[in-house]
2 protein chains.
Amino acid sequence: MSRATSGAARADRLTPGARRILAVASELFYRRGIHAVGVDTIAAESGVTKRTLYDRFGSKDGLLVAYLETRDQRWRDLLGEHLAAVGDDPARRVLVPFEVLPEWLGESDRGCSFINAFAELPEPEHPGRQVIVAEKKWLRDLFHRELTAAGAADPDQLAVQLLSLHEGAVVSFAIADESHAAEAAHAAAEALLTAAMP
Amino acid sequence: MSRATSGAARADRLTPGARRILAVASELFYRRGIHAVGVDTIAAESGVTKRTLYDRFGSKDGLLVAYLETRDQRWRDLLGEHLAAVGDDPARRVLVPFEVLPEWLGESDRGCSFINAFAELPEPEHPGRQVIVAEKKWLRDLFHRELTAAGAADPDQLAVQLLSLHEGAVVSFAIADESHAAEAAHAAAEALLTAAMP
DNA sequence: TCGGAACTTCACAGATCAGTATAGTCGGGA
DNA sequence: TCCCGACTATACTGATCTGTGAAGTTCCGA
């Protein structure tokens with residue numbers, strides 16, 4: 001795996017073949033893990049030659065970054081839609097990630113693709129790591145922003161607490177088989193928020 | 001990777017070579033990931049031949065299970081010590097996992113070995129999965145037991161909330177670089193517990 | 001003295017890994 | 001007409017993967 005390629009390619013500007021490759025790779029990386037899936041398999045299941053895969057994405061790492069970036073975008077888009085729907089009240093907006101969670105978790109039992117990818121990418125300089133870390137920090141910052149706007153006490157600490165609740169719910173759902181982890185986390189977030197409001 | 005071998009071998013009954021193999025494998029599996037580490041590397045770094053590795057552990061999977069089991073035991077032992085030290089008050093005991101967390105997290109920046117292993121073991125029947133799932137459920141049950149003894153309201157839901165907080169703190173610490181995630185989770189757990197007490 | 005456990009040496013199997021080289025096909029737009 | 005982008009076909013490199021076979025050494029305890 002070479003370390004080339006920015007994940008520059010926007011998902012919408014992909015060629016038909018590239019779109020299929022990315023779709024197949026996303027499914028396989030998420031379902032089976034990154035190291036467990038070979039480029040030969042991805043190419044074959046995409047109905048494409050390996051040459052095409054390398055022409056479009058440069059390397060397995062390039063394809064991996066594209067996978068993480070599109071997954072990140074999908075998550076932010078979903079959250080964005082719900083945020084737009086609930087309006088301007090920051091005390092309501094801060095709970096939106098918890099409201100979305102059941103829907104997001106219902107798609108699979110494989111947990112969070114970013115947490116999983118983190119497990120397979122130990123090198124801090126790996127380009128995929130930046131996407132992973134940015135995703136978690138983005139959510140924490142979203143919490144922090146809304147908490148501050150809501151006038152909650154100690155938004156720094158509360159943002160980290162909400163982030164932990166959120167990520168932990170995903171883990172508990174996938175690993176401990178806790179089907180109501182999202183609802184429980186939602187209730188806890190609500191309680192912590194209420195206690196922090198003036 | 002064959003699917004043989006119970007992880008039967010107790011860590012204390014290991015031969016000198018096996019002990020070295022397990023120590024090296026534990027470090028490498030955790031630091032670099034399971035699929036990323038080959039048995040040749042483990043054998044070489046243990047100062048042992050591959051033959052010995054297979055004679056002692058049967059397969060890479062057998063070694064992996066031994067790794068997970070000893071890691072699980074270490075975690076339970078650490079918790080057990082602290083639980084014994086705090087005495088009988090269940091309302092105090094329920095917070096012990098959060099008190100231990102800073103010490104446990106301080107050892108590394110690679111997150112939770114079980115969450116990481118889960119990411120690399122997609123097959124539910126894999127013997128390693130049982131160890132992983134059992135570890136998380138054990139912690140949830142510990143929360144539940146102490147909460148019930150303390151007379152807290154809705155121990156079912158609160159146990160899941162505490163589990164989520166706990167696991168999420170590990171994730172936030174490792175991925176989002178949140179150095180105070182453990183302390184924040186501890187404070188949140190305390191607040192939720194207080195609110196649930198009669 | 002003998003047996004067995006722990007371990008070494010080393011060669012080997014068969015698969016799979018990421019990635020490249022070379023050559024060619026096809027269709028649409030300037 | 002010509003070129004270019006997208007893609008196919010196929011063969012190849014060199015490394016690495018898990019796991020095994022066969023034989024030999026060393027040492028300890030009964």
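If you're wondering where the values come from, they're calculated on a predicted model, not measured in any experiment. In what follows, every chain begins at residue 1, and chains take the letters A, B, ... in the order their sequences are listed.
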> Is the shortest side-chain N/O distance from A:Thr15 to OP1 or OP2 of D:dC7 below 4.0 Å?
Replying inline: yes

>> In whole Å, I'd like the distance from the CD1 atom of A:Ile34 to the P atom of C:dT16.
In response: 21 Å

> Is it true that A:Asp89 and A:Arg93 make a salt bridge, defined as a side-chain N closer than 4.0 Å to a carboxylate O?
Replying inline: no

> Choosing from C:dT20, D:dC7, D:dT18, which nucleotide comes nearest the side chain of A:Tyr54?
Replying inline: C:dT20

>> Tell me if the side-chain of A:Lys50 makes a donor-acceptor pair with the base of C:dG19, cut-off 3.5 Å, by modelled atom types.
In response: yes

> Do any side-chain nitrogens or oxygens of B:Arg51 fall under 4.0 Å of OP1 or OP2 in D:dG19?
Replying inline: no

>> Which nucleotide wins on minimum distance to the side chain of A:Thr49, given the candidates D:dG19, C:dC7, D:dT8?
In response: D:dT8

>> On the six-membered ring of B:Phe118, is A:Arg110 placed so that its NZ or CZ lies under 6.0 angstrom from the centre and within 45° of the ring axis?
In response: yes

>> If hydrophobic clusters are built from ILVMFWY residues whose side chains come within less than 4.5 Å, do A:Leu78 and A:Tyr30 share one?
In response: no

>> If only side-chain N and O atoms count, and only distance matters, is there a donor-acceptor pair under 3.5 Å linking A:Asp61 with A:His126?
In response: yes

> Is A:Thr52 near enough to D:dT8 that one of its side-chain N or O atoms lies under 4.0 angstrom from OP1 or OP2?
Replying inline: yes

> Tell me: CG of B:Asp40 to P of C:dT9, nearest whole Å?
Replying inline: 15 Å

